[in-house]
Amino acid sequence: MKTTGPDKLHVTVMLTARSDGFECRPYILLKNKRPIKEIVTKFKNTLHLCWAGRTFFNDDLTSEYLQMIVGSSMFGKRLLALDSYRCHISDATKKQLKKLQIDTAVIPGGCTKFIQAPDVYWNAPFKAKVRHFYENWMLHGEKSYTKSGNMRAPSMEVYLKWIVDAWDQLSKDLIIKLFKGCGLTNNLDGSEDCKIHCFRSDGPIQTGQELLKQARTNADISGTRELTGIQQLDINAERNEKDEDIDASLDFYQ
């Protein structure tokens, strides 16, 4: 059977974006162990290529990803939302996150389809774009063949360009929207609860807004009771501490 060899073409793409709409460079795991100079030169400003010889993350690769893509910061606080894949919650990863001064929000297993931004918002359009590029290449792209007549798979330069273009075509507005849609950057007063994706009237948790409102009310009542039990309280000091927390910038990543 003639084939383009897609079973031999497998890369892993880690996509990361920031709550202000900024799209970080895609982090690519390649099966090749030896870097290809021409590829490195062509994509050095658009992709971070990891010539790992494997397409599955481990602790070491996760640590490199955190250093190269998220990095360290001397200003403000940062929160990185991750799923509960084993190397995202390992002790080695936790140490690296602490070193980089990054807090994390771990999405519980089975909940990514509800509140993890990539699953809810960008995975489908990103993969659809790549699929579109592939189908267009099949129809109109330049191809080569083996001696037995089988069509070769697209070159690394071609499919890496698909990744770059598919990621670039996701709009900044979509990136900002997804952080609201997954409850990460919403106003704490409840005014933006309606923007949470899974709480919509046609969503899977239609009573979610009301439950969240009740939980917020209960938390306020509990906080009030705790304060009334304190005999001596420096109100000014408490206010200053809160102001400092508000002034510190907080970047959210997915």
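As the structure is a prediction and not an experimental result, all values here were calculated from the model.
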Distance alone, cut at 3.5 Å: any donor-acceptor contact between the side chains of [X] and [Y]?
| X | Y | result |
| --- | --- | --- |
| Asn187 | Ser191 | yes |
| Asp119 | Thr112 | yes |
| Tyr27 | Thr12 | no |

Nearest 0.5 Å, please: how far is [atom2] in [Y] from [atom1] in [X]?
| X | Y | atom1 | atom2 | value |
| --- | --- | --- | --- | --- |
| Thr93 | Tyr85 | OG1 | OH | 10.5 Å |
| Cys24 | Met14 | SG | CE | 11.5 Å |
| Lys177 | Thr185 | NZ | OG1 | 13.0 Å |
| Ser72 | Gln67 | OG | CD | 9.0 Å |
| Cys194 | Asn186 | SG | CG | 8.5 Å |
| Ser90 | Phe57 | OG | CZ | 12.5 Å |

Arg54 vs Lys31, side chain to side chain contact (heavy atoms under 4.5 Å, CB included): CA-CA, chis, key distance, verdict | CA-CA 5 Å; Arg54 57 180 293 156; Lys31 294 182 72 173; over 6 Å; no
What are the two closest heavy atoms between [X] and [Y], and how far apart are they?
| X | Y | result |
| --- | --- | --- |
| Ala166 | Val130 | CB-CG2, 3.8 Å |
| Val40 | Pro35 | CG2-CB, 4.2 Å |
| Pro108 | Ser84 | C-OG, 4.1 Å |
| Lys33 | Gly53 | CG-CA, 3.5 Å |
| Leu61 | Ala52 | CD2-CB, 4.0 Å |
| Gln116 | Leu82 | NE2-C, 4.1 Å |

Residues two or more places apart in sequence or in another chain: which of them pass salt bridge (charged side-chain N to carboxylate O under 4.0 Å, His left out) with Lys195?
-> Glu192
Sequence neighbours excluded, every pair satisfying side-chain hydrogen bond (donor to acceptor under 3.5 Å, both in side chains) that has a member inside residues 35-51 | His48-Glu64
Ignoring hydrogens and angles, tell me if any N or O in the side chain of [X] forms a donor-acceptor pair with the backbone of [Y] under 3.5 Å.
| X | Y | value |
| --- | --- | --- |
| Arg86 | Asn58 | no |
| Asp83 | Ile107 | no |
| Arg152 | Ser144 | no |
| Gln206 | Ser201 | yes |
| Trp137 | His132 | no |
| Arg216 | Leu188 | yes |
| Thr217 | Lys213 | yes |
| Thr104 | Leu80 | no |
| Arg200 | Asp202 | no |
| Lys129 | Trp167 | no |

Working for side chain to side chain contact (heavy atoms under 4.5 Å, CB included), residues Val70 and Leu100 = CA-CA 9 Å; Val70 183; Leu100 296 174; 5.7 Å; no
Measure the shortest side-chain to side-chain distance between [X] and [Y] over non-hydrogen atoms and say whether it is less than 4.5 angstrom.
| X | Y | value |
| --- | --- | --- |
| Val11 | Tyr159 | yes |
| Leu30 | Ile28 | yes |
| Leu49 | Leu160 | yes |

Go through the steps for Leu178 and Trp122 under the test side chain to side chain contact (heavy atoms under 4.5 Å, CB included), then give the verdict.
-> CA-CA 8 Å; Leu178 63 85; Trp122 78 45; 3.3 Å; yes
With a 4.5 Å cut-off on side-chain heavy-atom distances among I, L, V, M, F, W and Y, is there a chain of contacts connecting [X] to [Y]?
| X | Y | result |
| --- | --- | --- |
| Tyr65 | Ile89 | no |
| Leu184 | Val106 | no |
| Trp162 | Met138 | yes |
| Ile36 | Ile163 | yes |
| Phe114 | Leu212 | no |

Candidates Thr16, Leu15, Leu170 - the one meeting side-chain contact (heavy atoms from CB on, under 4.5 Å) with Glu23 | Leu170
Start with the C-alpha distance between Val120 and Ile115, add both sets of side-chain angles, then the distance that settles side chain to side chain contact (heavy atoms under 4.5 Å, CB included), and finish with yes or no.
-> CA-CA 7 Å; Val120 176; Ile115 55 175; over 6 Å; no
Does NZ in Lys143 sit with more than 12 non-hydrogen atoms of other residues, nucleotides or ligands closer than 6.0 Å?
-> yes
Tyr145, OH: over 12 other non-hydrogen atoms inside 6.0 angstrom |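 Yes - once you tally the heavy atoms of other residues, nucleotides and ligands closer than 6.0 Å, there are more than 12.
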Hey, is Asp20 close enough to Lys172 for a salt bridge, meaning N to O under 4.0 Å?
-> no
Using a strict 4.0 Å threshold on nitrogen-to-oxygen distance, state whether Lys161 and Asp165 make a salt bridge.
->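 The answer is yes: the pair qualifies as a salt bridge.
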Tyr121 ring center within less than 6.0 Å of Phe126 ring center = no
